[in-house]
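By convention in this document, chain letters (A, B, ...) are assigned in the order of the sequence lines, proteins followed by strands, and residues within each chain are numbered from 1. Side-chain atoms are counted along with the backbone in the values below, which use heavy atoms only and exclude waters and symmetry mates.
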2 protein chains.
Amino acid sequence: NISQDIDHILETQSALAVDLGGTNLRVAIVSMKGEIVKKYTQLNPKTYEDRLELILKMCVEAASEAVNVNCRILGVGISTGGRVNPREGIVLHSTKLIQEWSSVDLRTPISDALHLPVWVDNDGNCAALAERKFGHGKGVENFVTLITGTGIGGGIVHQHELIHGSSFCAAELGHIVVSLDGPECLCGSQGCIEAYASGIALQREAKKLHDDDLLLVEGMTMKKEDTVSAAHLIQAAKLGNTKAESILRTAGTALGLGVVNILHTVNPSLVILSGVLANHYVNAVKDVINQQALSSVKTVDVVVSNLADPALLGAASLVLDYTTRRIY
Amino acid sequence: NISQDIDHILETQSALAVDLGGTNLRVAIVSMKGEIVKKYTQLNPKTYEDRLELILKMCVEAASEAVNVNCRILGVGISTGGRVNPREGIVLHSTKLIQEWSSVDLRTPISDALHLPVWVDNDGNCAALAERKFGHGKGVENFVTLITGTGIGGGIVHQHELIHGSSFCAAELGHIVVSLDGPECLCGSQGCIEAYASGIALQREAKKLHDDDLLLVEGMTMKKEDTVSAAHLIQAAKLGNTKAESILRTAGTALGLGVVNILHTVNPSLVILSGVLANHYVNAVKDVINQQALSSVKTVDVVVSNLADPALLGAASLVLDYTTRRIY
Ligand SMILES: [Ca+2]
Ligand SMILES: [Ca+2]
Ligand SMILES: [Zn+2]
Ligand SMILES: [Zn+2]
C-alpha cells in the first residue's frame, strides 16, 4: 500500500559491512553515501567456530538495529584478510594473522541465516573498492591502494575494475620482495615489504631494540606492562634515536621500492596509501619514486587516503555497487 | 575483374614487421600464419636520421619483394625498445640501449612513405602479442612474458589484452627492483632485475672476472680479439668456475624474485620466458617461485617460448590483429 511505499522511499539504502582483521571483528551499517551509521567491534575469535558464530550474532543484531535507524539493508559485504574467491564467497587461504581461516565458505551460512545476498573479498581489494566509490579513486581509471597496518595489503584497479588474477591472488602487494635476503615474513618468504614496513615488522624491530635497552631515549616513558609497538619506534626516532631512525629509513625505502615495482608493472596514475602508517610513509615513498622510478612513471600521484575506514567502506561497496548493477 | 580477384585470393595476407633493438634493425615479411617469409638485418644506426632513413629504405625494399613472393602487405608493425604511445605511434623515451630515440613519431613518416597503416609498440609488448597469437599464450586469459636478452623486457596480457598503463609504462619488468642496493642499471636506478640478469649485466660481470684473470678455466679458450660475453660466463660456470657459478646463481635468484613480484601483482596463470637466456634461467625461476611465492600462485606455469622470433612476430601481429578487427 501507499504508506509502505513511502516508508520504503524514506529508508536509506544501506549495507551490512563486516571486517575481519588480525585483531578485531567489526560489523557496521553503512549508508549508500558512505556514512557509517552504526558500528560494532569485538575481538576476532581464534577458532573458526567461535568466529563464524560471532559474525552471525553481530550481523543479526546490526540487521535488527537497522530497522530502528530506518536503514534498508540490501546485503552483507565482508572484507577479510587472506585470499578470497569472490565469485563463490569463499576464503581460500589466510596467513597466520587469522588462524583457522582457509577453505571457508562465508556466503552460504551467512546468507542462510540472514536471508540476504552476501559478497566477500579480501581487505586490500575492499579498500580499493572503497577508494573507487568514496575516496581519491573516484573516476580514476588505473589506481593502486596500499594499506599499511598490522600487515600490508593492496588492491589494483585497472580500467575501473579490480584485478583479481587467475587464482584470486593478484594485488598481494605486501609480499612483493625487495631484497635477495631480508627479514623473514609471515608468508614463509623473506624480504617482503610486509616484513620490512608493516606494523608487525616495526614492532619486531622495536622489541629487539628494547630488549637491548636501546629503544627509550630522553622524553620517552614506558610502563612495565606496556607492549612495545611500532608507535614507540616512531616516537623514539622523532626524539633522536638514530638506531630507530635507521630502521624506519630502511622500512620506508623497502615500501617505496615495492611501490616502484608496482608502477613498473601496472603503471597506475594514482597510488593511495591508507592504514595507520600511511602518513608516516608517504614522503619516503615519494622520495624513492623520484630516485628510482623510470621518468615516464614519475607523473604518478601518491596520496594518503581520506577515508575513515577503507575496509568497512569497501565491504559496504561490495553490496552497494553490486546490488545496483545486478551483475557480479 | 575476375582474374584480379583470384590473384587477390591467392595472395597471402601479410605484414611488414620491423624490430628495432639495441644492436640490430630488422625488417621481415610475415604471413598471417606467422611464417617469416623474408628477413633483412642491418646494424641499428646510432643517430635518429640514419636510423629513420634505413628503416624506410628497408621497408620499401621489403614491400617490393612482397609482390614477388605473392604476399599482400596489410600494414607495417614496429617493435622497438623504449616506452611507446601505441595510440599515436610515437616512441616516448628510450634508455641508452638505443640512442636519440625519445619523442620520435614513427607512424607519420613511415605511413607517408609507404602508404600503409603503421602500428608501433615496445618490444616487450610485441613479444606478448606474438605469444598470444602464435605461441604458448594462445587463448590464455592472463599471462606475462619476460624477454631476457641484451636487456630485459616484458609484456602483460590481462583478460586477453595488453596492459599499457596510464602513461604507457606498464610491463617495464626489467626495472623491477629486488635489492635495497644492488648493481647500477642503465635506467639510472639500482638493483633492477635487468642489472642482475640481462645479457649486459652478465657481460659486465664476465669482464670483471676476466680483468682479474678469474674467468677462464680448463677447457676454455679465448682469443685476444674476442669480446668477453655472457656466454663465456655461462661456459665457465659449467666448467666448474665457482665464481661464475655464484654470479649466475644470484642473477637467477634476482630474476626469479622479479617473477614472484609479478605473480603477487597481477597473478597470471602462465609466465613465458623468451630471449637468448630463457633456457638458462627457466629452472632458477621455477625454484624461486617454489621457495618464495605464496602457495596460491604456485599453480603458475613457467615455460620457454617456442617462437623463433617473438619481437618480429609480435610486430607482425600488431598489423594482422588490428587490421582484421578494425579497432585499436
Ligand atoms: Ca589484495
Ligand atoms: Ca613492456
Ligand atoms: Zn611475505
Ligand atoms: Zn633499471
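Using a 4.5 Å cut-off between heavy atoms, A/L294 touches chain B through its side chain atoms alone. Only the side chain of A/L257 comes within contact range of chain B, with heavy atoms under 4.5 Å apart.
Options B/P268, B/G188, B/C187 differ in how many heavy-atom pairs under 4.5 Å they form with chain A, and the most are formed by B/P268. Per-residue heavy-atom pair counts under 4.5 Å with chain B were compared for A/V177, A/I156, A/I163, and the maximum is reached by A/V177.
Between B/I262 atom CD1 and A/I176 atom CD1 the span is 10.5 Å, to the nearest 0.5 Å.
Residues meeting the side-chain contact (heavy atoms from CB on, under 4.5 Å) test with B/V300, sequence neighbours left out: B/L263, B/V271, B/I289, B/V302.
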Heavy-atom donor-acceptor pairs under 3.5 Å, chain A with chain B:
residue : atom : partner : partner atom : Å
A/R83   : NE   : B/S296  : OG           : 3.4
A/S166  : N    : B/N267  : O            : 2.8
A/S166  : OG   : B/N267  : O            : 2.9
A/S166  : OG   : B/P268  : O            : 3.3
A/S166  : OG   : B/S269  : N            : 3.3
A/S167  : OG   : B/N267  : OD1          : 3.1
A/S167  : OG   : B/N267  : ND2          : 3.3
A/S167  : OG   : B/S296  : O            : 2.8
A/A171  : N    : B/H264  : O            : 3.2
A/A171  : N    : B/T265  : O            : 2.9
A/E172  : N    : B/H264  : O            : 2.8
A/H175  : O    : B/H264  : ND1          : 2.8
A/V177  : N    : B/N261  : OD1          : 2.6
A/V177  : O    : B/N261  : ND2          : 2.9
A/V178  : O    : B/S179  : N            : 3.3
A/V178  : O    : B/L180  : N            : 3.4
A/S179  : N    : B/V178  : O            : 3.3
A/L180  : N    : B/V178  : O            : 3.4
A/S189  : OG   : B/Q292  : O            : 3.4
A/S189  : OG   : B/Q292  : NE2          : 2.8
A/Q190  : O    : B/Q292  : NE2          : 3.3
A/N261  : OD1  : B/V177  : N            : 2.6
A/N261  : ND2  : B/V177  : O            : 2.9
A/H264  : O    : B/A171  : N            : 3.2
A/H264  : O    : B/E172  : N            : 2.8
A/H264  : ND1  : B/H175  : O            : 2.8
A/T265  : O    : B/A171  : N            : 2.9
A/N267  : O    : B/S166  : N            : 2.8
A/N267  : O    : B/S166  : OG           : 2.8
A/N267  : OD1  : B/S167  : OG           : 3.1
A/N267  : ND2  : B/S167  : OG           : 3.3
A/P268  : O    : B/S166  : OG           : 3.3
A/S269  : N    : B/S166  : OG           : 3.3
A/Q292  : O    : B/S189  : OG           : 3.4
A/Q292  : NE2  : B/S189  : OG           : 2.8
A/Q292  : NE2  : B/Q190  : O            : 3.3
A/S296  : O    : B/S167  : OG           : 2.8
A/S296  : OG   : B/R83   : NE           : 3.4

